[in-house]
Amino acid sequence: MRLPKGIRWDLSVDEAMRVQTELSKKVIEEDYLPDTIRLVGGADVHQVGPEQMLAVVCVVSLPALTLVEVSKAVTDIVFPYIPGLLAFRELPAVLKAMESLKSDPDVLLCDAHGRAHPRRFGLASHIGVLLDKPSIGCAKSRLYGHAREPEDAPGEWTELTDPRDHTVIGAVVRTQKSSPPLYVSVGHRISLPTAVKFVQDCCKGHRLPEPLRLAHEIARQSVRAPRRLTQERLF
DNA sequence: GCGACAG
DNA sequence: ATCTTGTCGC
């Protein structure tokens, strides 16, 4: 998959926040995606030691949810972890993994927020806009917004709203009984109802949707064995 | 000033 | 994200 060129990552915190505010205007919150979705991607990033990041992208086919491709990439850490600015830390690794991907997923699930963000531009939206690809934010915990707790049954969900203007910015979705809910939000080129439906369709008995569950598991295993990673050692 | 805070 | 054991519940 082709990547945009000339992106600068050596930004100050102020500059990074301004970039988010600007790019957030480009987010499309409508279903601008193929009629039939056959491939769903899932991206997860792990930190490896004090100075490296490992990104794993898994592509799964619908409706069987069978794994069709895995791509990995290692990059040096170029930005600290700051709540709200996660994209500037993880995007270099995710983009590199996306670059070596052979298949072209119809939609990409991200282990992060999309519109459910202080400036309405979390990692899921950032990667969606940069690649002009439908994307969904699917985080394990809350960053921003108010919501009531959904009932304890798979499929139950509540709205996540912006306390400033009461806009709906996401959904809190119970994907498995007795498990903490997922925070689903629009990344890019998709509507919230469609995003919620996709996440639910991709969960086969687990809390996380299959593409993300697999990516997370593969990343965890890759980080386990070697103490230091090289691009070649990943394969 | 104080708390909250994706991974 | 990472550092970390056993343990309780679905």
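Reckoned from all heavy atoms, side chains included, excluding hydrogens, waters and symmetry mates. Below, read A as the first sequence line, B as the second, and so on, with proteins coming before strands; counting in each chain starts at 1.
Contact annotation for A/His126: no contact, since no heavy-atom pair falls under 4.0 Å across all strands.
With 3.5 Å as the limit, one finds no donor-acceptor pair spanning the side chains of A/Asp162 and A/Thr167.
Open room surrounds CD on A/Glu151; 12 or fewer heavy atoms of other groups in view lie less than 6.0 Å from it. Residue-environment remark: CZ (A/Arg2) stays at or below the threshold of 12 foreign heavy atoms within 6.0 Å. Counting non-hydrogen atoms of neighbouring residues, nucleotides and ligands closer than 6.0 angstrom, the NE2 atom of A/His206 exceeds 12 such neighbours.
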Output one letter per nucleotide in nucleotides 1-7 of chain B: B when a protein non-hydrogen atom lies under 4.0 Å from the base, S when only the sugar-phosphate is that close, - when neither is. ---SBBB

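For an aromatic pair to be called close, the ring centres must be under 6.0 Å apart, and A/His216 with A/His46 satisfies this. Aromatic rings from A/Phe121 and A/His126 are positioned such that their centres are separated by under 6.0 Å. The aromatic ring centres of A/Tyr32 and A/His188 sit 6.0 Å or more apart.
With hydrogens and angles disregarded, a donor-acceptor distance shorter than 3.5 Å links the side chain of A/Gln176 to the backbone of A/Gly205. In terms of modelled atom types and a separation under 3.5 Å, the side chain of A/Glu210 and the main chain of A/Leu212 share no donor-acceptor contact. Checked by atom type and distance alone, the side chain of A/His113 never pairs as donor or acceptor with a backbone atom of A/Arg120 at under 3.5 Å.
At whole-Å resolution of the value, CG in A/Leu54 and P in C/dA1 are 12 Å apart.
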How is the base pairing of DNA chain C summarised as a dot-bracket string, given the Watson-Crick and G-U wobble criteria with both distances under 3.5 Å, [ ] for crossing and | for another strand? ..........

Represent DNA chain B in dot-bracket notation, 5' to 3'. Only Watson-Crick or G-U wobble pairs with both distances under 3.5 Å count; pseudoknot-style crossings use [ ] and interstrand partners use |. .......

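Toward the 5′ end of DNA chain C lies the nearest nucleotide of A/His216, the other residue of the pair A/His216 and A/Ser178 mapping further downstream.
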